[in-house]
Protein chains: 2
Amino acid sequence: MSENKLNPDTRERILDFAEREFMAYGYEGTSMRMITSAAGVNLAAVNYHFGSKEGLLREVFRRRLGWLNGERLRVLTTLEEQAKGTPLKPSQVLEAFFGTLLRIGEDDAHGGMTFLRLLGRTLTDPAEFIRTFFASEYAEVIERYKLALFRALPDVPRAEIVWRLHFMLGAMSYAIAGTDVLQVITGLGIGDAAGEALDAKSEAKKLAERLMPFLLGGLRAPLPSAMAAAKRAAPTRRRASDLAEKKR
Amino acid sequence: MSENKLNPDTRERILDFAEREFMAYGYEGTSMRMITSAAGVNLAAVNYHFGSKEGLLREVFRRRLGWLNGERLRVLTTLEEQAKGTPLKPSQVLEAFFGTLLRIGEDDAHGGMTFLRLLGRTLTDPAEFIRTFFASEYAEVIERYKLALFRALPDVPRAEIVWRLHFMLGAMSYAIAGTDVLQVITGLGIGDAAGEALDAKSEAKKLAERLMPFLLGGLRAPLPSAMAAAKRAAPTRRRASDLAEKKR
DNA sequence: CTTTGGTTCAAACGTTCGTTTTATACTAGG
DNA sequence: CCTAGTATAAAACGAACGTTTGAACCAAAG
């Protein structure tokens, strides 16, 4: 008896091609025959290695999310050790959480843009088993980062921080999904002002550069209550900003 | 021959229940039998009234998006007329675009939270016919609002504005989809700090109150280039903010 | 060599899918 | 009354689905 020697070729091939097909057509829209014929393996191999189609999807994500969320926890722990008890800056927390993810886009060894797109598209899938799977995969890392943000923004109500974490996840998820109405309308991907097509790695880098400031700006925006108070005090005032809106 | 007298009951019933089922299980995950048996109509009625399952989905969205995007155009036109040629404020543009959408959540006559969730979940669906459909439905309104933002932020590179519009759409889409990892982990919906369940209308109102400041903060965040320049000038400085991050 | 257990394969299983067909009722116009 | 035209109904269609079966293959252990 060989000690649990699975055939690495077939198993990994299935995962690689499943990742791509699920990304392109969604979970329900992808048949096992599409995957196995693309991978050049027998149809029954999926059920042999992963038990079921659901099991296959779970393994596709576990393979990537296990590494990603482990890395996220590791990076956050390192930052907190370096800070020696003082709260981290919000930008550090965001960089650790979103930067670690976005760097996958430039790293084909961990799935590259294919996996990022798959993740973005699957995070809003309503299927019950997918949602509970993500919940368990993300539970620890979300909890840790939530606490880090609470400490980084001690004067902001915690409920408000949770809301904004929610919004940031959304902006990221949708941005990496890359099925945007804007993109479809403009034809190509977002690309450049000139509109030339970009390879996946440049695309990932541009995305990260653009997304991080947006998230930070959203996270630190005035609270609704603060805005209402400001409006009462000086109804027409404009807020200072590094952006183009003129200072008052 | 009666002049195109469709049976409003059956047709509308199908649309109403299709909306709900598609929201709960996704397009591919919903069978026509699920819809027709929930609506209490004959299976063949869908093909009779809408031609196909794809045609049904398109009509589900056309019914709502037609009104929504018409309203968006109307509101923007009114604002621009009132401004008499001067650029609008970014907050006005966002309010017109996102506020008009979010108010649907409180308005069951236009689909309420059911439609908002369906929209959020379907915007990232990779199916080709869905994406091209959305592209054509949104083309005009996106173009108009893009130009309004260009005028509202004349000193910001246009490519940057398109990126941020993209991110804002994502934050909104994901937020209204309401299938967030955070929500699954915390059990209930986002609800309140106390965690009590909220009815759909209060939920919609809370969401709008929280989302709009976030979007505005993200839209007006410092540009990547500005941040790099600031970092060169004073590497450790903190930005002033109405939020809690303390000034140094 | 024989045996054993992990792996691949072709074929078939029963179910469910979207769609079509055919027949029947109902509603006006002539 | 009769007749189109519209709408609903029940039943069936072929195709595609996820899964299972049972035999074949193959490397290593006994």
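Order of the sequence lines sets the chain letters (A, B, ...), proteins ahead of strands, with each chain counted from 1. The figures that follow rest on heavy atoms only: side chains count, while hydrogens, waters and symmetry mates do not. In this text the structure is predicted, and so the values were computed from the model without any measurement.
- Under the rule for a side-chain contact (heavy atoms from CB on, under 4.5 Å), the partners of A39(A) that lie at least two apart in sequence or sit in another chain are F17(A), V41(A).
- Applying the side chain to side chain donor-acceptor pair (under 3.5 Å) test to pairs two or more places apart or on separate chains, those with a residue in residues 99-114 of chain B are W67(B)-H110(B), E95(B)-R103(B), D107(B)-H110(B).
- The CG atom of N47(B) sits 18 Å away from the P atom of dC13(D) (whole-angstrom rounding).
- Residues satisfying the salt bridge (charged side-chain N to carboxylate O under 4.0 Å, His left out) criterion with R33(B), sequence neighbours excluded, are absent altogether.
- Nearest to the side chain of S52(A), among dT8(C), dT19(D), dT8(D), sits dT19(D).
- Residue E28(B) contributes atom CD, which lies 11 Å from atom P of dG18(D) at whole-angstrom precision.
- Looking at K53(B), its side chain does come within 3.5 Å of a backbone N or O of T30(B) through a donor-acceptor pair.
- If you measure from atom CG of L57(A) to atom P of dG18(D), you get 12 Å, rounded to the nearest angstrom.
- Within residues 19-27 of chain A, no residue has any heavy atom closer than 4.0 Å to DNA chain D.
- Rounded to an integer number of Å, the gap from D9(B) CG to dA9(D) C1' is 17 Å.
- N42(A) has its CG atom 9 Å from the P atom of dT8(C), to the nearest Å.
- With sequence neighbours left out, the ring pair (Phe, Tyr, Trp, His ring centres under 6.0 Å) criterion links Y145(B) to F97(B).
- The side chain to side chain donor-acceptor pair (under 3.5 Å) analysis of residues 19-28 of chain B, with sequence neighbours excluded, yields the pairs E19(B)-R64(B).
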Pairs under 3.5 angstrom, nitrogen or oxygen only, protein versus nucleotides 21-27 of chain D, please.
none

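- When the P atom of dA16(D) is taken as reference, atom NZ of K53(B) falls 15 Å away, rounded to whole Å.
- Remark: R158(B) pairs with no residue by the salt bridge (charged side-chain N to carboxylate O under 4.0 Å, His left out) rule, at least two apart or across chains.
- Of all the residues in residues 29-40 of chain B, R33(B) reach under 4.0 Å from DNA chain D with at least one non-hydrogen atom.
- Applying the side-chain contact (heavy atoms from CB on, under 4.5 Å) criterion to L147(B), with sequence neighbours excluded, gives E143(B), F150(B).
- Legend: residues meeting side chain to side chain donor-acceptor pair (under 3.5 Å) with T77(B), ordered by chain and number and at least two apart, are R144(B).
- Contact annotation: H49(B) reaches the phosphate of dT8(D) (side-chain N/O to OP1 or OP2, under 4.0 Å).
- In this structure, F167(A) and W163(A) have tilted ring planes: the angle between them lies in the 30° to 60° band.
- In the set dT8(D), dT8(C), dG18(C), dT8(D) carries the atom at the smallest distance from any side-chain atom of T10(B).
- R121(B) meets the salt bridge (charged side-chain N to carboxylate O under 4.0 Å, His left out) test with no other residue; sequence neighbours excluded.
- One can place CZ of F129(A) at 13 Å from C1' of dG18(D), the figure rounded to the nearest angstrom.
- Taking atom CG of residue L43(B) and atom P of nucleotide dT16(C), one finds them 14 Å apart after rounding to whole Å.
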